[in-house]
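Below is one structure, written out as structure tokens; comments come after it.
Order of appearance sets the numbers: ligands from 1, and atoms from 1 within every ligand.
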Amino acid sequence: MEIRGTLAVLITIFPYFLLLGSTKAQLSVDYYSKTCPNVEEIVRKEMIQIIKVAPSLAAPFLRMHFHDCFVRGCDGSVLLNSTKTNVAERDAIPNLSLRGFGAIERVKAKLEAACPNTISCADVLALMARDSVWLSKGPTWPVWLGRRDGRISIANETHQLPPPQANITELIQMFSVKGLDLKDLVVLSGAHTIGTAKCATISDRLYNFTGLDNLNDVDPFMDKNYIDKLRSKCSPTDNTTLIEMDPGSYKTFDTSYYNYVVKRRSAFHSDWALLTDSFTRAYVLKHANGFESEFFQDFADSMIKMGNIDVLTGNQGEIRKKCYIVN
Ligand code: HEM
């Protein structure tokens, strides 16, 4: 009887052992501890230099990691160049304003010199995104490593990136197919505490919200005074000027983004949309009043989750030598 009981227990827990075995091939925080123990120091040293010279690059690295993870998983596909026969993700409209590709190649080259054929471009980007936040006075977190690089990058697949016009239903849907929930949505949107947007990205809210294309055709959910302020910076056809997404502290990672959302002074309709669901609204209202350490912890947790989306591991993909081209 006792043997049968033990057998039953073993049969019940066996699948979990299998699962444990398979998760070994997944990401881990000490993935390079034997093959490249200094990887994090090398990235951080380079990042300190890069951000010292060009502080405005912190935001694009963070955004790039998000755009990488939402299209084919965090596999470095956003970094690949187009070829004669293929238009790659980075040449698709949502990615045209990404910057910092050269700096990523520079960090990757340092890592190739120290540990050849070892560190994936997808991991380099995840580490650079983490250090970007930390160097902007935000939180830090352990980056799970061991991603492999994909060999495919297709411009049309960027339709999986949420557009700035998205409403809350669309945002929830686009995050949930990536395994991210309502909390991740409202927390990760807080990334808009750093960085800039092109006037062209917001001009519909200022001049042509419903296609009527006249001075009254504005986003009714944007503060009227703020519309005037933005119009003084952005003409209807301006495609070059940048506006600060979190005016006054767009280089500092803090909770002031949520304050702008409450005041209906956020850059995108999608930011405002966070006020239209009871859960995300409550989070925005609470953090508009501070609670920075809670936001920092939440952001770290959600970034780890996002960095895990559809990763390639084990023998999948490759370790690219250069991030812009497959081996
Ligand atoms: C929730 C849905 C989101 C939408 C609709 C959205 C949309 C956008 C758009 C349209 C821009 C400006 C593009 C331009 O004009 O240059 C932008 C900038 C930015 N986004 Fe998002 N985003 C979202 C979520 C995220 C997430 C999850 C992250 C990171 C975790 C992120 C990080 C950033 C950063 C840091 C910038 C500033 C980039 C720079 O300064 O160049 N965004 N976003």
Exercise: do Asp298 and Tyr283 side chains pair donor with acceptor under 3.5 Å: yes
Minimum non-hydrogen distance to atom 10 (C) of ligand 1, winning option of Thr201, Ile243, Leu188, Asn239: Thr201
CA sep, side-chain torsions, deciding dist, call: Tyr260, Tyr250, ring pair (Phe, Tyr, Trp, His ring centres under 6.0 Å): CA-CA 12 Å; Tyr260 278 100; Tyr250 76 107; over 10 Å; no
Ligand 1-proximal atoms of Leu171, by part, heavy-atom distance under 4.0 Å: side chain
Identity and distance of the protein heavy atom lying nearest atom 16 (O) of ligand 1: Ser97 OG, 3.0 Å
Thr35-Thr118 side chain donor-acceptor pair, cut-off 3.5 Å: no
Contact check, Met245 vs ligand 1, heavy-atom distance below 4.0 Å: yes
Ring geometry between His192 and Tyr257 (parallel below 30°, tilted from 30 to 60°, perpendicular above 60°): perpendicular
Arg99 N/O under 3.5 Å from ligand 1 N/O: no
Per atom 2 (C) of ligand 1, closest listed option by heavy atom (Pro60, Pro162, Ala200): Pro162
Exercise: do Ser235 and Asp238 side chains pair donor with acceptor under 3.5 Å: no
Qualifying residues under side-chain contact (heavy atoms from CB on, under 4.5 Å), relative to Asn289, sequence neighbours excluded: none
Taking atom 35 (C) of ligand 1 as the reference point, the nearest protein heavy atom with its distance: Ala59 O, 3.2 Å
Proximal ligand 1 atoms for Pro163, defined as those under 4.0 Å from one of its heavy atoms: 5 (C)
Salt bridge present between Asp223 and Lys229 (N-O < 4.0 angstrom): no
Any Phe175 heavy atom less than 4.0 Å to ligand 1: yes
Evaluation steps, salt bridge (charged side-chain N to carboxylate O under 4.0 Å, His left out), between Lys45 and Glu41: CA-CA 6 Å; Lys45 206 173 137 213; Glu41 283 79 357; over 6 Å; no
Residue, atom name and distance, where the atom is the protein heavy atom closest to atom 40 (O) of ligand 1: Thr196 N, 2.9 Å
For atom 21 (Fe) of ligand 1: protein N/O/S atoms at distances below 2.8 Å: 1
Ring pair (Phe, Tyr, Trp, His ring centres under 6.0 Å) partners of residues 81-116, not counting sequence neighbours, each pair once: none
Plane angle bin for Phe253 and Phe295 - parallel if under 30°, tilted between 30 and 60°, otherwise perpendicular: parallel
side-chain contact (heavy atoms from CB on, under 4.5 Å) against Asn214, all qualifying residues, sequence neighbours excluded: Leu212, Asn216, Asp217
